[in-house]
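The structure appears right after this line, and notes come after that.
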Amino acid sequence: MSNTKNCRVCNNPIEPFMSFGRMPLGNGFRNPNNMSKEYKYEMKVAVCSQCSTFQLIEQPSPEKMFHEEYAFFSGTSIRMQNHFADFSKDILNEIGNDDPFVVEIGSNDGILIGNFAEKGLRHLGIEPSSNVAEVSRKKGINTKVSFFSKKISEEIVDQNGAANAIIAANVICHIPTINDIAEGVSNLLVDDGIFVFEEPYLGDVLDKTTYDQIYDEHVFLFSLNSVNQIFDRVGMEIFRAQRQWTHGGSMRYWISRKGKRAIDESVHKLLENESNQRILETETFIKFKRQCEDQKYKLRSILEDLRAKDKRVVGYGATSKSTTILNYCGIGPEHIEFISDTTPIKQGTVTPGSNIPVRPYSEFQNNYPDYALLFAYNHSKEIMQKESNFEINGGKWIVYVPEVKII
Ligand code: SAM
Ligand code: TMP
Ligand code: ZN
């Protein structure tokens with residue numbers, strides 16, 4: 001457990017502005033036949049007044065979250081597969097095809113780095129969760145089962161040489177030792193190399209009140225402002241920023257050593273947006289807290305109302321994010337019959353803290369409920385397209401992003 005009174009980036013003292021209460025692990029799905037005491041921590045959040053980094057006060061240890069039974073497999077969404085294929089093309093456009101060496105941090109089942117492996121390019125995925133790493137190895141992708149760190153970067157340089165590009169998606173915000181990661185990145189890159197990573201974007205979380213992006217794995221929620229300050233410490237800077245539709249609103253940061261690349265207009269624009277959005281001001285987070293409480297009240301009211309009317313409600317997508325929603329809003333099996341999910345390792349388990357059964361997709365498809373609560377809203381385009389029959393049969397969706405409503 002890392003429990004801090006000081007900012008993980010700049011060591012300035014930090015104070016929480018909000019607590020979501022005691023929380024289990026976001027991906028801590030449990031076997032209903034083995035319900036030993038569940039691990040919990042208090043989910044408090046703070047924003048550093050000096051470097052603007054949004055962070056958890058307490059975070060469970062990495063080994064508790066990432067291990068041989070990690071429940072999240074990246075390859076479950078077709079749209080994400082396409083997204084990562086495009087990401088790999090953007091990287092090659094930037095660094096060229098002349099025998100590059102590409103390293104991915106948090107490569108999971110190989111959904112991104114696999115695109116380089118397929119082209120026969122030099123590549124390496126770094127992935128500590130051995131079960132997902134094994135899936136990637138079986139596809140012929142070079143994968144090192146390890147947490148990335150400065151020390152690991154030194155080993156890679158010794159064994160494979162320096163990298164032309166380091167890439168990452170939805171993982172840098174997971175790593176509490178962020179300054180060590182920045183040093184490792186700088187150490188591993190060739191002089192004109194690039195580090196490109198994407199993550200859920202704090203600006204979107206504030207805009208859409210997607211507070212479910214806050215859970216144990218996400219020790220940080222980044223803005224361009226905070227990322228710039230983190231990499232400034234190792235002589236690097238953001239030269240491009242690109243919005244992404246993924247995970248309900250993400251940002252892709254392109255980083256190089258200072259002065260190596262022209263700073264794109266997108267960086268100036270985003271800095272201006274963040275200033276207009278008052279992303280650095282205390283008032284913004286007090287308002288965010290009120291919006292979270294309001295959303296909780298509305299979602300609970302809808303579910304209580306449907307329960308009183310004896311309607312069947314099923315959840316769609318047992319996401320790690322939904323752990324925050326379910327536990328913060330006090331939603332349980334009395335509100336939701338089960339949650340449908342296509343990930344085999346999650347099926348037959350119950351959700352962390354809230355104990356709602358997770359069942360295979362066939363149970364949703366073969367017996368449509370009256371209402372489906374869409375937890376996997378970040379895949380809503382893909383899901384709405386394939387679930388038109390549910391609506392034709394009179395089913396209704398309950399959504400909570402960007403606002404709580406029945407559609
Ligand atoms: N990159 C994939 C994607 O976007 O779908 C996977 C994202 S998943 C939420 C985060 C992954 O990062 C997990 O597979 C986890 O095991 C891995 N991870 C966590 N900490 C890490 C670290 N310090 N170094 C490398 N990978 C890490
Ligand atoms: P994510 O929001 O972290 O990507 O997780 C999405 C979860 O939703 C994952 O457990 C797989 C599940 N899922 C389905 O059950 N059906 C679907 O059609 C999609 C796209 C995801
Ligand atoms: Zn700070």
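All ligand and atom numbering here is 1-based and tracks the order in the structure.
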Atom pairs and distances, donor-acceptor, side-chain atoms in residues 277-284, under 3.5 Å, two or more places apart:
from, atom 1, to, atom 2, distance (Å)
Gln277, NE2, Gly203, O, 2.9
Gln277, NE2, Asp207, OD1, 3.2
Thr284, OG1, Arg278, O, 2.5
Thr284, OG1, Glu281, O, 3.3

Any side-chain donor-acceptor pair under 3.5 Å between [X] and [Y]?
X	Y	value
Asn225	Ser223	no
Ser186	Arg257	yes
Glu42	Ser19	yes
Gln295	Tyr328	no

Assign the ring pair Phe17 / Phe54 to parallel, tilted or perpendicular, where the plane angle (0 to 90°) is split at 30° and 60°. perpendicular

Once you measure the plane-to-plane angle for His67 and Tyr70, does it fall in the parallel (<30°), tilted (30-60°) or perpendicular (>60°) bin? perpendicular

Using only atom types and a distance under 3.5 Å, with no angle test, would you say the side chain of Arg312 pairs donor to acceptor with the backbone of Ala372? no

Check ligand 2 against the protein and report each N/O to N/O distance under 3.5 Å, formatted as atom name, atom name, distance.
from, atom 1, to, atom 2, distance (Å)
ligand 2, 2 (O), Lys321, NZ, 2.8
ligand 2, 2 (O), Asn378, OD1, 3.3
ligand 2, 2 (O), Asn378, ND2, 2.9
ligand 2, 4 (O), His379, NE2, 2.8
ligand 2, 10 (O), Asp341, OD1, 3.1
ligand 2, 10 (O), Asp341, OD2, 2.7
ligand 2, 10 (O), Thr343, OG1, 3.3
ligand 2, 10 (O), Lys346, NZ, 2.7
ligand 2, 15 (O), Thr342, N, 3.1
ligand 2, 15 (O), Thr342, OG1, 3.4
ligand 2, 18 (O), Lys386, NZ, 2.4

What I want to find out is whether [X] reaches [Y] closely enough, with some N-O distance under 4.0 Å, to be called a salt bridge.
X	Y	result
Glu304	Arg307	yes
Asp192	Arg261	no
Arg252	Asp90	yes

Taking every non-hydrogen atom, the tightest pair across Ile175 and Val171: CG1-O, 3.4 Å

Residue shell around ligand 1, heavy atom under 4.0 angstrom: Phe66, Tyr70, Phe72, Ser74, Phe84, Glu104, Ile105, Gly106, Asn108, Ile126, Glu127, Pro128, Ser129, Phe147, Phe148, Ala169, Asn170, Val171, His174, Ile175

Could you check whether Lys321 makes a cation-pi contact with Tyr377, meaning its NZ or CZ is under 6.0 Å from the centre of the six-membered ring and within 45° of the ring axis? yes

Which protein N, O or S atoms lie under 2.8 Å from the Zn ion (ligand 3), given by chain and residue number? Cys7 SG, Cys10 SG, Cys48 SG, Cys51 SG

